[in-house]
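Computed from a predicted structure; not experimentally measured. Basis for what follows: all heavy atoms, side chains included, without hydrogens, waters or symmetry-related copies.
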Amino acid sequence: MNFSNKKVTSTFTSPHSKNCWGYIQSIGWRKVKTDKADGVTNMFQTLTAAKANGRTVSGTIDAGNKITMLYLN
């Protein structure tokens, strides 16, 4: 599923490896896909930058309901 121009209203991480979540407007909580640690870190930075600066994001959610691509608008 592709989505465009959605606000990030909340983020969550824990000390566990590659555990990152974002609450995306009208979609809800979605976990970042955990293929690579750097990818999870980069997506978390994008989610928090969007939330902190009032920006929106666009991206893709896979069949497992995980965020696989994310762009800061």
Peer 1: Using side chain to side chain donor-acceptor pair (under 3.5 Å) as the criterion, list what pairs up with S26, not counting sequence neighbours.
Peer 2: K6
Peer 1: Roughly how far, to the nearest 0.5 Å, is CZ of F3 from CD1 of I24?
Peer 2: 4.0 Å
Peer 1: Under the salt bridge (Lys or Arg N to Asp or Glu O under 4.0 Å) definition, can you give me all pairs with a residue in residues 10-26, not counting sequence neighbours?
Peer 2: none
Peer 1: Can you give me every donor-acceptor pair (side chain of residues 66-73, partner residue at least two apart or in another chain, under 3.5 Å) with its distance?
Peer 2:
from	atom 1	to	atom 2	distance (Å)
T68	OG1	T60	O	3.3
N73	OD1	S58	OG	3.4
N73	ND2	N5	OD1	3.0
N73	ND2	T56	OG1	3.1
N73	ND2	S58	OG	2.9

Peer 1: Going from CH2 on W29 to OG on S10, what distance comes out if it is rounded to the nearest 0.5 angstrom?
Peer 2: 4.0 Å
Peer 1: For residues Y23 and M1: do they belong to one hydrophobic cluster (side chain heavy atoms under 4.5 Å, members Ile, Leu, Val, Met, Phe, Trp, Tyr)?
Peer 2: no
Peer 1: Can you sort out the partners of S14 under side chain to side chain contact (heavy atoms under 4.5 Å, CB included), two or more places apart, ordered by chain and number?
Peer 2: F12, H16, N19
Peer 1: Considering only distance and modelled atom types, tabulate donor-acceptor pairs under 3.5 Å from the side chains of residues 31-45, sequence neighbours left out.
Peer 2:
from	atom 1	to	atom 2	distance (Å)
T41	OG1	A37	O	3.1
N42	ND2	D38	O	3.2

Peer 1: Donor-acceptor check, side chain of D62 to backbone of G64, threshold 3.5 angstrom: yes or no?
Peer 2: yes
